[in-house]
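When reading the values below, keep in mind they use all heavy atoms of this one structure, side chains included, and skip hydrogens, waters and symmetry mates. Predicted model only: the values in this text are computed from it and were never measured. Each ligand, and each atom within it, is numbered from 1 in the order the structure gives.
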Amino acid sequence: MEFNYDPQNIFAKILRGEIPNNTVYENDHALAFHDIAPQAPTHILVIPKGPYMSLDHFARDASADEQVCFMQAVAKVCEIAGVDDGFRAIANSREHGIQEVPHFHLHIVAGRVLGRMLEQ
Ligand code: AMP
């Protein structure tokens with residue numbers, strides 16, 4: 001699989017400070033911010049700072065440091081958001097996954113019963 005990262009995607013612009021975001025947490029290699037169109041009371045996106053398009057791209061090519069920082073950011077977000085009653089982590093990927101922004105992001109959604117995993 002060849003990954004051609006588009007540096008003009010909206011999350012790349014957020015990382016460069018060209019577009020504002022509502023930051024929840026940040027570390028050396030990851031940024032977490034509130035989704036602009038929340039689909040649950042808690043809806044936070046965790047993204048790596050590096051140019052990775054999707055979960056499989058990140059898992060294949062990101063360094064151990066980047067991967068550890070990313071997962072530590074996920075843990076922090078869950079702690080900050082207080083998701084003790086449960087949550088869902090979603091990584092929509094490419095066309096069939098209906099991924100809109102081609103920069104890897106993990107949705108952390110919580111705050112209500114979320115229904116079944118897939119609608120169709
Ligand atoms: P996906 O369909 O998995 O690619 O999800 C992209 C997500 O990014 C959607 O939930 C959007 O609401 C969210 N989004 C798009 N632009 C922004 C932005 N500027 N700030 C925060 N979230 C955004």
Side-chain heavy atoms of F70 within contact of H29, under 4.5 Å: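 A side-chain contact is absent here, since even the closest heavy-atom pair is not under 4.5 Å.
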
The test is side-chain contact (heavy atoms from CB on, under 4.5 Å); show your working for M1 and M53 and say whether it passes. CA-CA 12 Å; M1 175 84 198; M53 297 182 66; over 6 Å; no

Is there any side chain to side chain donor-acceptor pair (under 3.5 Å) pair reaching into residues 69-81, and which pairs are they, with sequence neighbours excluded?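 Listed by first then second residue: nothing to list.
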
Would you say V101 has any N or O atom under 3.5 Å from an N or O of ligand 1, going by distance alone?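 For ligand 1, there is an N or O atom that lies under 3.5 Å from one belonging to V101.
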
Numbered atoms of ligand 1 (with element) below 4.0 Å of A37, judged on heavy atoms: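 Matching atoms, with element in brackets: 12 (O).
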
Taking 4.0 angstrom as the limit and counting only heavy atoms of H34, give me the atoms of ligand 1 inside it, by number and element.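 That gives atoms 21 (C) of ligand 1.
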
For atom 17 (C) of ligand 1, what's the nearest protein heavy-atom neighbour? Residue, atom name and distance, please.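 Among all protein heavy atoms, the one nearest atom 17 (C) of ligand 1 is I36 CG2, 3.7 Å.
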
Could you identify the single nearest non-hydrogen protein atom to atom 8 (O) of ligand 1 and state the distance to 0.1 Å?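 Residue, atom and distance for the closest contact: F11 CZ, 3.4 Å.
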
Would you say N21 contacts ligand 1, with heavy atoms under 4.0 Å as the rule?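 It does not; every heavy atom stays at 4.0 Å or beyond.
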
If a pair satisfies side chain to side chain donor-acceptor pair (under 3.5 Å) and one of its residues is in residues 41-52, list it, with sequence neighbours excluded.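 As it turns out, the side chain to side chain donor-acceptor pair (under 3.5 Å) pairs with a partner in residues 41-52, which skip direct neighbours, are E26-K49, D35-H43, H43-H107, Y52-E66.
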
Would you indicate whether the side-chain heavy atoms of I44 and Y25 approach each other to under 4.5 Å?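 They are not in side-chain contact.
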
Tell me whether M71 shares a hydrophobic cluster with I80, the cluster being built from Ile, Leu, Val, Met, Phe, Trp, Tyr side chains joined at under 4.5 Å.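 Yes; I80 is reachable from M71 via cluster members.
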
Check each atom of ligand 1 against the heavy atoms of Q99 and keep those under 4.0 Å away; list them by number with element.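 Close to Q99: 4 (O).
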
Check if Q39 has a non-hydrogen atom at a distance under 4.0 Å from any atom of ligand 1.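 Contact absent.
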
Considering only protein heavy atoms, which is closest to atom 6 (C) of ligand 1, and at what distance to one decimal place?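 Heavy-atom neighbour on the protein nearest atom 6 (C) of ligand 1: H105 NE2, 3.6 Å.
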
For the 3.5 Å polar cut-off, considering only N or O atoms, please tell me whether H107 and ligand 1 meet it.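 Yes, at least one N or O pair falls under 3.5 Å.
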
Among all protein heavy atoms, pick the one closest to atom 7 (C) of ligand 1 and tell me residue, atom and distance.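 Of every protein heavy atom, D35 OD2, 3.5 Å lies nearest to atom 7 (C) of ligand 1.
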
Tell me, do D56 and R94 make a side-chain contact under 4.5 Å, heavy atoms counted?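 In short, these two side chains touch, coming nearer than 4.5 Å.
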
Would you mind listing which atoms of ligand 1 come within a distance below 4.0 Å of any non-hydrogen atom of I98?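 Those of ligand 1 that fall under 4.0 Å from I98 are 2 (O).
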
Considering only non-hydrogen protein atoms, determine which one is nearest to atom 4 (O) of ligand 1 and report residue, atom name and distance to 0.1 Å.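 That would be E100 N, 2.7 Å.
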
S93 vs H57 side-chain heavy atoms within contact, under 4.5 Å: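 No, too far: nothing below the 4.5 Å cut-off.
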
Begin from the C-alpha positions of D65 and S63 and carry the test side-chain hydrogen bond (donor to acceptor under 3.5 Å, both in side chains) through to its verdict. CA-CA 5 Å; D65 256 13; S63 68; 5.6 Å; no

